[in-house]
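Taking it in order: structure first as structure tokens, then the write-up.
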Amino acid sequence: MLIITLMASMFMTLALGFYVLVAAPHRAVNRTFGAFVGMMILWIIKDLLFWGFHEYEQNAGWWAAISFLIGIVLQLVFCFSPRSFLKTRRPEWEEWCSSPFH
């Protein structure tokens, strides 16, 4: 039942992200949301791999490490998304890297 739920959430997330990105790919808000949805899909795929193919005796360290890394990137995309509402042009990398600090 968990696998079915994860598959359904992955396809719904993919459909929503595709719809928003295709609606206006030139807008920074839509691209940022697309990046967030992409990371969420990676999160769901990671859980599908763990819960679907992980043996009881195997070490789950890989799952914990990937969860941590994807979680960090999700937070970075989430922190940078409000900045995309303020501008219509593509933000510079220097702005993106320093935006949480000012």
Side-chain angles (χ1 to χ4, degrees):
M1 187 66 181
L2 178 63
I3 301 298
I4 294 169
T5 305
L6 284 171
M7 291 291 288
S9 68
M10 183 179 70
F11 287 124
M12 288 188 316
T13 305
L14 182 63
L16 177 65
F18 185 73
Y19 174 75
V20 168
L21 191 59
V22 169
H26 59 280
R27 296 186 62 207
V29 174
N30 291 27
R31 288 192 308 264
T32 306
F33 184 75
F36 184 76
V37 166
M39 292 309 301
M40 286 301 301
I41 289 172
L42 286 178
W43 184 274
I44 295 169
I45 289 172
K46 172 211 37 108
D47 284 341
L48 276 170
L49 290 174
F50 180 74
W51 294 109
F53 301 108
H54 181 74
E55 297 294 328
Y56 180 72
E57 296 84 20
Q58 287 179 335
N59 185 5
W62 66 270
W63 180 79
I66 292 175
S67 296
F68 184 72
L69 292 175
I70 293 175
I72 288 173
V73 175
L74 271 172
Q75 295 303 313
L76 289 174
V77 172
F78 187 68
C79 285
F80 295 141
S81 62
R83 300 209 29 112
S84 64
F85 285 99
L86 303 175
K87 298 180 176 142
T88 56
R89 65 175 175 81
R90 185 177 182 172
E92 300 296 326
W93 281 107
E94 292 82 26
E95 290 180 29
W96 280 68
C97 292
S98 66
S99 65
F101 304 111
H102 58 359

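Keep in mind that the numbers below use all heavy atoms, side chains included, and drop hydrogens, waters and symmetry copies.
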Spacing of [X] atom [atom1] and [Y] atom [atom2] [to the nearest 0.5 Å]:
{"X": "F11", "Y": "L16", "atom1": "CZ", "atom2": "CG", "result": "15.0 Å"}
{"X": "F78", "Y": "M40", "atom1": "CZ", "atom2": "CE", "result": "11.5 Å"}
{"X": "S9", "Y": "I4", "atom1": "OG", "atom2": "CD1", "result": "12.0 Å"}
{"X": "T5", "Y": "D47", "atom1": "OG1", "atom2": "CG", "result": "12.0 Å"}
{"X": "I41", "Y": "T13", "atom1": "CD1", "atom2": "OG1", "result": "6.0 Å"}

Donor-acceptor contact below 3.5 Å, side chain R31 vs main chain L21:
no

Hey, quick one: are [X] and [Y] part of the same hydrophobic cluster, counting side-chain heavy atoms closer than 4.5 Å, chains of contacts allowed?
{"X": "F53", "Y": "I66", "result": "yes"}
{"X": "L2", "Y": "M7", "result": "yes"}
{"X": "M12", "Y": "I45", "result": "no"}
{"X": "F18", "Y": "V29", "result": "no"}

In terms of heavy-atom contacts, F50 and A60 come closest through CE1-CB, 3.7 Å

Begin from the C-alpha positions of M39 and W43 and carry the test side-chain contact (heavy atoms from CB on, under 4.5 Å) through to its verdict.
-> CA-CA 6 Å; M39 292 309 301; W43 184 274; over 6 Å; no

Notebook entry, point to check: Parallel, tilted or perpendicular: which fits the ring planes of W63 and W51, with parallel below 30° and perpendicular above 60°?
Noted result: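 Taking W51 first and then W63, their aromatic rings stand perpendicular (interplane angle over 60°).
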
**OP:** Taking the side chain as every heavy atom from C-beta outward, state whether V37 and V20 have any pair of such atoms under 4.5 Å apart.
**Re:** no

